[in-house]
Amino acid sequence: MEFAKTVEAARRQAGAWKTEGCTIGLVPTMGYLHDGHASLIRRAAADNDKVVVSVFVNPMQFGVSEDLAEYPRDIERDGDVCRQNGVHLLFSPDAGELYPDGFCSFVDMSGLTDALCGRSRPALFRGVCTVVAKLFHIIQPHTAYFGQKDAQQLAIIRRMTADLNLPVNIVGCPVVREPDGLALSSRNKHLNPAERKAALCLSAGLAEGRRLLENGETDVRRIKAAVRAPMEAEPLARVDYAELVDADGMRPAAAAHRPLLCAAAVFIGATRLIDNFILDAE
Ligand code: PAF
């Protein structure tokens with residue numbers, strides 16, 4: 001496995017592979033890799049000749065009062081996960097490498113970015129879109145892989161890629177869960193044992209929402225209330241949102257809409273967790 005810390009080195013290596021006629025799959029991450037990331041890497045390895053993983057805790061996507069300093073980091077372990085899962089290049093630039101002095105160009109989107117996580121984290125998607133567009137330009141992958149756990153992020157990246165005519169195929173991969181239902185997230189590391197137990201209220205609420213929808217419930221307020229109920233009953237939890245939206249446009253949607261995204265976010269202590277499910281047309 002190759003390592004690159006600079007834009008120049010990453011671009012040179014990816015460019016050489018493209019000149020040889022190799023296909024490149026990119027998995028953008030913020031590191032502290034878990035089995036969810038490993039599933040994206042394995043999918044990229046199955047689809048492409050070369051796999052590039054970027055590890056970059058992107059300061060631009062954190063608001064001032066958010067957890068940038070506490071975001072977990074372990075680049076040694078990330079290297080092991082990459083090696084074990086068939087990565088060819090690990091690109092881990094410093095913040096100054098991607099955002100040098102004088103940096104002042106941003107990818108701003110509207111509409112899709114206003115709802116759900118964008119409402120409670122206004123800096124998030126400008127930072128995500130800017131860094132992902134930069135990574136696409138640096139690596140020039142054929143395909144890039146993102147987790148469905150960040151369903152809004154995935155929809156936004158698909159839209160940005162189409163709107164800006166970026167020649168990258170976007171693949172979304174299923175949510176990976178612990179055996180008890182908790183969606184894998186680098187932030188799960190912050191949960192103490194009591195919080196880890198409490199965090200199950202998120203997947204429990206979503207499971208109840210899915211059950212109602214699958215049994216034909218059409219009252220959106222009743223479905224949202226059912227998703228919120230286990231979170232509201234949990235003393236360590238504070239609900240951020242529980243919403244039903246159309247999965248492409250992120251607009252409030254009727255229960256019968258397909259594809260329908262049911263998404264929720266909750267604070268467990270100081271840790272914010274998100275999860276969702278999508279109902280597609282039969
Ligand atoms: O999903 C993430 O880990 C990040 O938002 C991403 C896509 C790597 C951009 O920093």
Side-chain angles (χ1 to χ4, degrees), residues 4 7 10 25-41 43-44 51-63 66-75 77-78 81-82 85 87 89-99 103 106-109 112-113 116-118 120-139 141 143-161 164 166 168-176 183-190 250 263 265 271-276:
V7 169
L26 171 67
V27 182
T29 80
M30 297 209 298
Y32 212 74
L33 304 179
H34 50 64
D35 281 352
H37 296 113
S39 75
L40 303 181
I41 295 171
R43 173 71 196 271
V51 178
V52 179
V53 169
S54 60
V55 169
F56 179 64
V57 183
N58 176 27
M60 198 190 288
Q61 70 190 70
F62 289 78
E66 291 177 2
D67 59 348
L68 173 62
E70 290 79 40
Y71 198 86
R73 293 161 170 88
D74 189 343
I75 192 67
R77 202 171 129 272
D78 291 344
V81 174
C82 286
N85 287 282
V87 172
L89 172 64
L90 174 53
F91 177 40
S92 60
D94 294 332
E97 180 68 15
L98 287 195
Y99 305 127
F103 184 93
F106 304 92
V107 179
D108 254 324
M109 291 175 67
L112 275 88
T113 51
L116 310 181
C117 291
S120 32
R121 302 186 59 198
L124 175 62
F125 291 118
R126 178 191 228 213
V128 168
C129 291
T130 302
V131 81
V132 169
K134 282 173 68 76
L135 291 168
F136 285 1
H137 285 295
I138 295 164
I139 304 297
T143 307
Y145 298 81
F146 297 89
Q148 186 65 57
K149 183 173 78 69
D150 298 280
Q152 185 179 18
Q153 168 174 281
L154 177 57
I156 287 169
I157 289 170
R158 282 192 205 284
R159 185 77 233 181
M160 174 189 78
T161 307
L164 300 182
L166 303 176
V168 181
N169 178 32
I170 306 297
V171 171
C173 298
V175 183
V176 179
L184 296 193
S185 162
S186 304
R187 289 187 168 94
N188 291 352
K189 175 197 181 330
H190 294 314
M250 303 291 129
T271 306
R272 185 173 176 280
L273 302 176
I274 59 172
D275 197 356
N276 69 79

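These figures come from a predicted structure and were not determined experimentally. One-based numbering, in listed order, for ligands and for the atoms of each.
Scanning for ring-ring contact (aromatic ring centres under 6.0 Å, His included) contacts around Phe62 gives Tyr71, with sequence neighbours left out. Residues forming a ring-ring contact (aromatic ring centres under 6.0 Å, His included) with Phe106 (at least two apart in sequence, or on another chain): Phe103.
Under a 4.0 Å N-O distance rule, the pair Arg272/Asp67 does not qualify as a salt bridge.
Under the 4.5 Å side-chain criterion, counting only non-hydrogen atoms from C-beta, Leu89 is not in contact with Val51.
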Between side-chain atoms of residues 124-134 and protein atoms elsewhere (two or more places apart, or another chain), which donor-acceptor pairs fall under 3.5 Å?
from: Arg126; atom 1: NE; to: Asp108; atom 2: OD1; distance (Å): 3.4
from: Arg126; atom 1: NE; to: Asp108; atom 2: OD2; distance (Å): 3.2
from: Arg126; atom 1: NH2; to: Asp108; atom 2: OD2; distance (Å): 3.3
from: Thr130; atom 1: OG1; to: Val107; atom 2: N; distance (Å): 2.9
from: Thr130; atom 1: OG1; to: Arg126; atom 2: O; distance (Å): 2.7
from: Lys134; atom 1: NZ; to: Leu98; atom 2: O; distance (Å): 2.9

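Among protein residues, Pro28, Thr29, Met30, Asn58, Gln61, Val128, Val131, Phe146, Gln153 come within 4.0 Å of ligand 1, judged on heavy atoms.
With 3.5 Å as the limit, one finds a donor-acceptor pair spanning the side chains of Asn58 and Tyr99.
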